[in-house]
Amino acid sequence: MLTTVLRGLVAASLAVLPLTVATPAHAVETVPLSEAVSRLPVDTESRAGYDRDSFKHWNKGDDPSDGCHTRSEVLITEAVEPPTVGPRCRLSGGTWWSYYDATWVTSASGLDIDHMVPLAESWDSGASAWTPERREAYANDQGAATSLVAVTARSNRSKADQDPSTWLPPAAEVHCRYVAEWVGTKLRWALTADEAEVAALHETAAGCPDQSVTYEPAT
């Protein structure tokens with residue numbers, strides 16, 4: 001009788017265990033843009049001590065065995081027409097759409113990989129307190145499709161390290177998308193925003209009633 005009871009308890013515990021293990025620690029969330037902006041913690045920014053070299057990039061990417069670093073992996077992933085990948089991950093051919101300025105690009109050398117939230121801005125917003133390993137993870141983040149984006153070098157350099165209070169993409173029709181991706185990246189990495197930035201985000205969000213933000217907190 002005791003053996004039967006014990007077996008029943010073991011079976012019951014095993015039946016419950018997969019439910020516990022399968023529960024995600026960091027669930028994906030989708031919320032309206034205006035609500036997402038309201039979730040950003042507001043704080044002052046400081047660039048004291050910033051050094052771009054504090055963010056190791058590009059590293060060996062998501063697949064160290066493919067011989068491509070993060071930049072090349074992003075280019076391959078975002079290509080509308082895939083490039084030919086040669087020895088040492090040399091890319092030739094291919095076509096890309098730079099959504100910042102609504103421009104087609106047919107050479108990988110004409111593209112920059114933009115950090116949606118620039119490295120300097122992330123430093124100002126909390127990354128200064130991170131470990132070097134977390135800053136490297138941020139600088140090479142392919143875990144969210146919006147963290148890194150292939151765009152024309154011209155548009156990326158126009159943006160530089162500015163936030164949406166002083167810069168939005170030249171293509172006005174993508175402002176809702178851009179702000180959603182900016183906010184999603186900040187929420188993903190638990191970064192703060194300053195008052196001018198939040199005001200600009202709310203202003204843009206007011207004109208984007210159908211825009212949502214999907215993000216998953218980075219581990």
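Side chains are part of it too, since the values below use all heavy atoms of this structure and drop only hydrogens, waters and symmetry mates.
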Quiz item: Quick one: CD on Glu136 to CD on Glu133, what's the gap to the nearest 0.5 Å?
Solution: 7.5 Å
Quiz item: Counting only heavy atoms not in Arg90, do more than 12 sit closer than 6.0 Å to its CZ atom?
Solution: no
Quiz item: Where is the tightest heavy-atom contact between Cys176 and Gly207, given as atom of each residue plus distance?
Solution: SG-O, 4.1 Å
Self-check item: Taking every non-hydrogen atom, the tightest pair across Arg177 and Gln211
Solution: N-OE1, 3.7 Å
Quiz item: If you round to the nearest 0.5 Å, how far is OG of Ser72 from CZ of Arg88?
Solution: 11.5 Å
Quiz item: Just by distance, do the side chain of Thr103 and the backbone of Asp101 share a donor-acceptor pair under 3.5 Å?
Solution: yes
Quiz item: Roughly how far, to the nearest 0.5 Å, is CZ of Arg154 from CG of Leu111?
Solution: 11.0 Å
Self-check item: Same cluster (ILVMFWY, side-chain, under 4.5 Å), Leu148 and Val174
Solution: no
Self-check item: Validation row: Val42, Thr192 side chains within 4.5 angstrom (heavy atoms)
Solution: no
Quiz item: Should the heavy atoms of other residues, nucleotides or ligands under 6.0 Å from CD of Glu203 be counted, would the total exceed 12?
Solution: no
Quiz item: Quick one: does Thr146's side chain get under 4.5 Å of Tyr215's, heavy atoms only?
Solution: no
Quiz item: Does the side chain of Glu45 come within less than 4.5 Å of Ser125's, by heavy atoms?
Solution: yes
Quiz prompt | Salt-bridge contact Arg188-Glu181 (side-chain N to carboxylate O under 4.0 Å) | solution = no
Quiz item: What do you reckon, are the aromatic ring centroids of His115 and Trp58 less than 6.0 Å apart?
Solution: yes
Quiz item: Does a donor on one side chain and an acceptor on the other come within less than 3.5 Å for Asp51 and Ser54?
Solution: no
Quiz item: So, do Glu121 and Lys186 sit near enough that their side-chain heavy atoms are less than 4.5 Å apart?
Solution: yes
Self-check item: Check: Ser147 side chain, Gly143 main-chain N or O, donor-acceptor pair, under 3.5 Å
Solution: no
Exercise. List the steps and the verdict of side chain to side chain contact (heavy atoms under 4.5 Å, CB included) for Leu168 and Val179.
Key: CA-CA 8 Å; Leu168 288 170; Val179 166; 3.9 Å; yes
Exercise. Taking the side chain as every heavy atom from C-beta outward, state whether Leu40 and Leu201 have any pair of such atoms under 4.5 Å apart.
Key: yes
Exercise. State, with a plain yes or no, whether a side-chain heavy atom of Trp182 is found less than 4.5 Å away from one of Val117.
Key: yes
Quiz item: Which heavy atom of Cys68 sits nearest a heavy atom of Val85, and at what distance?
Solution: SG-CG1, 4.4 Å
Quiz item: Distance only, no hydrogens: is a donor on one side chain within 3.5 Å (strictly under) of an acceptor on the other, for Ser155 and Ser158?
Solution: no
Quiz item: What heavy-atom pair brings Ala193 and Val198 nearest, and what distance separates the two atoms?
Solution: CB-CG2, 3.6 Å
Exercise. Treating Ile, Leu, Val, Met, Phe, Trp and Tyr as nodes and any side-chain heavy-atom pair under 4.5 angstrom as an edge, say whether Leu91 and Val80 lie in one connected cluster.
Key: no
Quiz item: Are Arg71 and His57 close enough, and set up right, to give a side chain to side chain contact (heavy atoms under 4.5 Å, CB included), and what steps lead you there?
Solution: CA-CA 9 Å; Arg71 170 185 159 81; His57 69 292; over 6 Å; no
Exercise. Using a 4.5 Å cut-off on heavy atoms from C-beta on, say whether the side chain of Ser128 contacts that of Arg47.
Key: no
Practice problem: Would you check if the side chain of Asp141 reaches a backbone N or O of Ala137 as a donor-acceptor pair within less than 3.5 Å? | Solution: no
Quiz item: side chain to side chain contact (heavy atoms under 4.5 Å, CB included) between Trp123 and Tyr138: does it pass, once the steps are laid out?
Solution: CA-CA 11 Å; Trp123 179 274; Tyr138 176 84; over 6 Å; no
Quiz item: Should Leu187 and Val149 be counted in the same cluster of Ile, Leu, Val, Met, Phe, Trp and Tyr side chains packed under 4.5 Å apart?
Solution: yes
Practice problem: Work out which heavy atom in Asp63 is nearest to a heavy atom in Glu73; give both atom names and the distance. | Solution: N-OE2, 3.2 Å
Quiz item: Between the side chain of Glu81 and the main-chain N/O of Gly94, is any donor-acceptor distance below 3.5 Å?
Solution: no
Practice problem: Quick one: pull up CD in Glu197 and CG in Leu191 and give me the separation to the nearest 0.5 Å. | Solution: 9.5 Å
Quiz prompt | Within the 6.0 Å centroid threshold, strictly below: Trp189 and Trp130 | solution = yes
Exercise. Decide whether Val183 and Tyr99 are clustered together by the hydrophobic rule: side chain heavy atoms of Ile, Leu, Val, Met, Phe, Trp, Tyr closer than 4.5 Å, transitively.
Key: yes
Quiz item: Is the count of non-hydrogen atoms from other residues, nucleotides or ligands lying under 6.0 Å from Glu195 atom CD greater than 12?
Solution: no
Quiz item: Checking Asp194 side chain against Asp124 main chain: does a donor-acceptor pair fall under 3.5 Å?
Solution: no
Exercise. Using the rule that two of Ile, Leu, Val, Met, Phe, Trp, Tyr join whenever any of their side-chain heavy atoms come within less than 4.5 Å, decide whether Met116 and Leu75 are in one cluster.
Key: no
Quiz item: With a 4.5 Å heavy-atom cut-off, do Val105 and Thr152 have their side chains touching?
Solution: yes
Exercise. Could you walk me through whether Tyr178 and Trp167 pass the ring-ring contact (aromatic ring centres under 6.0 Å, His included) test, one step at a time?
Key: CA-CA 11 Å; Tyr178 177 80; Trp167 190 91; 5.7 Å; yes
Quiz item: Does the separation of the ring centres of Trp97 and Trp104 fall below 6.0 angstrom?
Solution: yes
Quiz item: Taking atom types as modelled and ignoring hydrogens, do the side chains of Asn156 and Tyr100 form a donor-acceptor contact shorter than 3.5 angstrom?
Solution: no
Self-check item: Candidate pair Gln142 and Thr70, rule side chain to side chain contact (heavy atoms under 4.5 Å, CB included), full reasoning
Solution: CA-CA 8 Å; Gln142 295 185 67; Thr70 302; 3.7 Å; yes
Quiz item: Under 3.5 Å, is there a donor-acceptor pair between the side chain of Asp161 and the main chain of Pro118?
Solution: no
Quiz prompt | Heavy-atom pair of closest approach, residues Ala79 and Pro82 | solution = CB-CA, 3.9 Å
Self-check item: Exam field: side chain Asp112 to backbone Asp114, donor-acceptor pair closer than 3.5 Å
Solution: no
